[in-house]
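Throughout, protein chains are lettered first and strands after them, A, B, ... in sequence-line order, and every chain is numbered starting at 1.
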Amino acid sequence: MKTQFFPALKLTLLCVLLFAFVYPLIVLGFAQFAPDKGKVTFVEYKGKVVGAANIGQKFDQDQYFNSRPSAVSYNAAGSGGSNKGTTNPDYLAQVQARIDTFLVHNPTVTKAEIPSELVTASGSGLDPHISPKAALVQVDRIAKIRHLPKDKLIALVNAQTEKPLLGLFGTEKVNVLKLNIALEAVSLEQ
Amino acid sequence: MNTEILGVILTFILTVVCAIPLGKYIAKVFGGEATFLDTVFNPIEKLFFQISGINPKQEMTWKQHLTALLTINLLWFLWAMFILMNQGWLPWNPDGNPSMSADLAFNTAISFLANTNLQHYSGESGMSYLGQIACLTLFQFISAGAGMAVCAMVFNAMKERTTDKLGNFYNYFLKSCTRILLPLSLVVALVTLFNGTPMNVEGKASFISMQGDTVQVSRGPAAAMIGIKQIGTNGGGYFGVNSAHPLENPNYLTNIVEVGSIILIPIAMVFALGYYLKRKKLAYTIFGVMTLGFLLFLIPSIYLEMNGNTAIERMGITQQMGSMEGKEVRFGSAASAYWGIATTVTSNGSVNAMHDSFTPLTGMFTLLGMMINALYGGVGVGFLNFYVFIIIAVFISGLMVGRTPEFLGKKIEAREMKIATIIALLHPLMILGATALSSFIFVKNPEIGWLNNPSFHGFSEMLYEYTSSAANNGSGFEGLGDNTLWWNISCGIVMVLSRFLPIIGPVAIAGILANKKYIPESAGTLKTDTGTFGLMVFAVIFIVAALSFFPALTLGPIAEYFNGFRV
């Protein structure tokens, strides 16, 4: 062990240099050419930053397309899921309560039309997306509050729907923040 | 066909297609042959060895390999403890995060040293930028490199000759880090970076949301860490929720690349063995057994997650996307289940969905992946675990057909068998012993507040934590309140024993076998590269590993499935 000690120590220090300084610096160098220089892409509305493109935010007012429930109420300085087991009775009561609340706010929607992602919390607590179906199910409510024609809102959701990768792989989704910004724009036109 | 299913099929095919040439490349690196990266790395490595006073050509015995491994790991442990316990006042801490307590630092240091990356802290609030890079990212390279170095020694020992000279530990270690891990991590880091993962030196950003809430956004040097945490079967995420975080894993493309990198090197190592020993058929047999086990866990898990939570189904809503608690819309159920299985059959442990919220049987399959811990397995060490199962299978089948048990021309005798059996039994002992102890404490002190879920699932949370520690995996049923003295210390002990004993055992076996007389193959030799032998290994794995855990699984996920999920 004694003969190994100093070579091991020196090699360790050199590894610190290579992997804790040189490697991160190379990536940091490339970051200067990445979108927004690797400092997170923010989204502006009316000249003010209102969110980050990839990070979900809380939308629970009736005038907006709502985002998913979050176990950390969309705290982007500390992510987290609910970590509830599928059969936990307290958790199931919570989901039931979310369903009931949704039905109160969306009286024209039947229970069988509610997609589960609107009443379950995401893994990160910062999910920026909902499925197109979860957006469409909210159209009636928003049309009524904003006095907008339903067709226009449906067209809006369809325009904001992101297709699977290459149209073949993965899920269809809608970025809730971008959808709501587009919604505000449509409302202003009216 | 369903685009979610197509997505996971594409991911698996891409991974295997990349793993074959990578295996060839790894075999060349271990064999000391010329490769296309020589011009970059030859001078760097030469300089490193010169300064350190290491002669990379000086061959070591298996005992010297182990001494070198343990010495350098001890140094790394001290380095980690220093940084973690002092990061609060050390430079580069823009968010002002605190230093770790001694027990949390112990747990974290062991965890990253052992290539486990179990995290009892949350990255956003528990680590400084210096800690993330100079401790955690560094360890993700060197702990993976150490595992690969040991594996290279075992490959060397399997050659057809009699010797006690088995290559140089430092040489294998440094080359694994520079020539294999570094370039691959850089590729993954850049893919995530250009898709929206942050890489900067600034502190939190802040904005006022559309609804008027003030929101702070954690960021920092994430992309560099994400590259190596996926490639080196480390799994320790930059952000608390790991690759479920929209900055850590921004879209489906990054998801394919990240989940592909989890099993890339573990598969490539198997092909590397084939090229290195010029026994491709043996490599295909091993790959076949591993893939069979992988698919046996994967297919039902994808089905179950896409099918949804039956308890929610009974509420009368639609689960078009499957069971979505703890999952992200941009990945969907299939890709989340795929990641869950890929990360547990290897010893990666990064996640893109919360495993605590998987349906009960998917939870069981993730547990089984870690309990077996050799279907692909960790970089380097995964093969060592499989090697132990091969030795046992050779011995048992030798007895069954009445031939001397031989593996690659070396007789397997009592001493090797004893070591192999001890190593195979160590894993259940660690997991079940520690879980039993914790369950006892919990039952005696029900107010202790560890568990986030009642009943069977609560038991699964404890079982998962120790299984993950013993498999050096690092994922968790994160509902467990694990940053306490008990969990930090007990998991730390399980991790360190389960890292080093399963390395020492196979290294000793391989070293002893290499020193034995080589017996050329004859008509009386048991063939180890056939489908029959593959099935034999598969049976041994399931009897030894899976069945020893069956009673515990019955108390956890299986009981949960029949009580509440499947009424």
Side-chain angles (χ1 to χ4, degrees), chain A residues 1 4-5 7-12 14-16 19-20 24 27-28 30-31 34 38-40 49-52 54-55 57-58 61 76-81 83-88 92 96 111-112 114-117 120 122-124 126-131 164-165 168-171 173 180, chain B residues 3 6-7 10 48 52-54 68 71-72 75 124-125 133-134 138 141-142 189 193-194 196 198-200 207 209-210 215-219 223-224 239-241 244-246 250 252 309 311 316-319 321 324-330 332 353-354 356 359 452-453 457 478-479 564-565:
Chain A
M1 200 142 188
Q4 305 276 11
F5 184 82
L9 181 67
K10 287 180 204 161
L11 189 62
T12 300
L14 289 167
C15 284
V16 172
F19 300 117
V27 184
L28 195 62
F30 276 104
K39 292 176 186 170
V40 180
V49 174
V50 291
N54 281 330
I55 296 183
Q57 56 181 263
K58 196 199 241 169
Q61 294 172 0
S79 48
N83 288 310
K84 296 291 184 193
T86 42
T87 60
N88 183 334
L92 293 172
Q96 184 63 56
K111 216 188 214 181
I114 304 176
S116 63
E117 72 266 22
T120 51
S122 63
S124 61
L126 303 171
D127 195 342
H129 299 106
I130 53 177
S131 68
L165 185 65
L168 283 175
F169 309 111
T171 58
K173 57 203 187 296
N180 279 323
Chain B
T3 53
L6 278 178
L10 172 81
F48 273 38
S52 313
I54 293 166
T71 310
I72 204 163
L75 284 169
E124 295 94 328
S125 54
I133 293 293
L138 168 73
F141 276 102
I142 56 184
L193 175 65
F194 281 87
M199 183 70 199
N200 59 69
F207 61 83
S209 76
M210 297 273 284
V215 180
Q216 293 208 304
V217 182
S218 286
R219 45 187 183 170
F239 297 103
V241 288
H245 198 291
Y252 204 80
N309 180 353
I317 63 171
T318 165
Q319 298 192 80
M321 293 199 71
M324 283 307 283
E325 183 70 34
K327 294 195 186 69
E328 303 282 303
V329 170
R330 63 191 180 284
M354 294 300 110
D356 219 347
T359 57
N452 189 39
N453 289 286
H457 196 81
E478 293 297 342
F565 195 79

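- F194(B) touches chain A through backbone and side chain together, each having a heavy atom under 4.5 Å away.
- With respect to chain B, the highest number of heavy-atom pairs below 4.5 Å among L9(A), N180(A), I114(A) belongs to I114(A).
- Using a 4.5 Å cut-off between heavy atoms, H457(B) touches chain A through its side chain atoms alone.
- Proximity to chain A is limited to the side chain of N309(B), based on heavy atoms less than 4.5 angstrom apart.
- The shortest heavy-atom contact between G38(A) and N200(B) is O-ND2, 2.8 Å.
- Using a 4.5 Å cut-off between heavy atoms, I54(B) contacts chain A through its side chain alone, with no backbone atom that close.
- Taking each heavy atom of L138(B) and C15(A) in turn, the nearest pair found is CD1-O, 3.5 Å.
- No other option in P246(B), S218(B), A189(B) has as many heavy-atom pairs under 4.5 Å with chain A as P246(B).
- With a threshold of 4.5 angstrom between heavy atoms, V217(B) approaches chain A through its backbone and through its side chain.
- Taking OG of S131(A) as the start and CE of M321(B) as the end, the distance is 6.0 Å to the nearest 0.5 Å.
- Chosen from L14(A), L126(A), T12(A), V49(A), the residue pairing most often with chain B at heavy-atom distances under 4.5 Å is L14(A).
- Residue T71(B) comes nearest to F5(A) through the heavy atom pair CG2-CA, 4.0 Å, listed as atom of the first residue, atom of the second, then distance.
- Among G316(B), P250(B), G332(B), the residue with the largest count of heavy-atom pairs under 4.5 Å with chain A is G316(B).
- Interface residue L92(A): backbone and side-chain heavy atoms are both found under 4.5 Å from chain B.
- Heavy-atom distances place the side chain of L75(B), and not its backbone, under 4.5 Å from chain A.
- Of the N and O atoms on the side chains of E124(B) and S79(A), at least one donor lies less than 3.5 Å from an acceptor on the other residue.
- Per-residue counts of heavy-atom pairs under 4.5 Å with chain A were compared for E325(B), E478(B), K327(B); the largest is that of E325(B).
- In this structure, chain A has a heavy atom under 4.5 Å from the side chain of I142(B), while its backbone stays farther away.
- Annotation: maximal heavy-atom pairing with chain A below 4.5 Å, among G326(B), A223(B), G479(B), occurs at G326(B).
- Of the residues listed (D356(B), N452(B), N453(B)), the one engaging N88(A) in a side-chain hydrogen bond (donor to acceptor under 3.5 Å, both in side chains) is N453(B), and it is the only one.
- A heavy-atom distance below 4.5 Å is not found between the side chains of E328(B) and H129(A).
- Interface residue P164(A): only side-chain heavy atoms are found under 4.5 Å from chain B.
- In this structure, chain A has heavy atoms under 4.5 Å from both the backbone and the side chain of A134(B).
- Note: G123(A) leads A20(A), P128(A), G123(A) in heavy-atom pairs under 4.5 Å with chain B.
- Options Q57(A), K58(A), Q96(A), K84(A) differ in how many heavy-atom pairs under 4.5 Å they form with chain B, and the most are formed by K84(A).
- Both the backbone and the side chain of R330(B) have a heavy atom closer than 4.5 Å to some heavy atom of chain A.
- Heavy atoms only, all atoms of each residue included: I130(A) and V329(B) are closest at C-CG1, 3.8 Å.
- The two residues T318(B) and A112(A) come nearest to each other via the heavy atoms CG2-O, 3.3 Å.
- Contact tally against chain B (heavy-atom pairs below 4.5 Å) for G81(A), G80(A), A52(A), G85(A): the top residue is G85(A).
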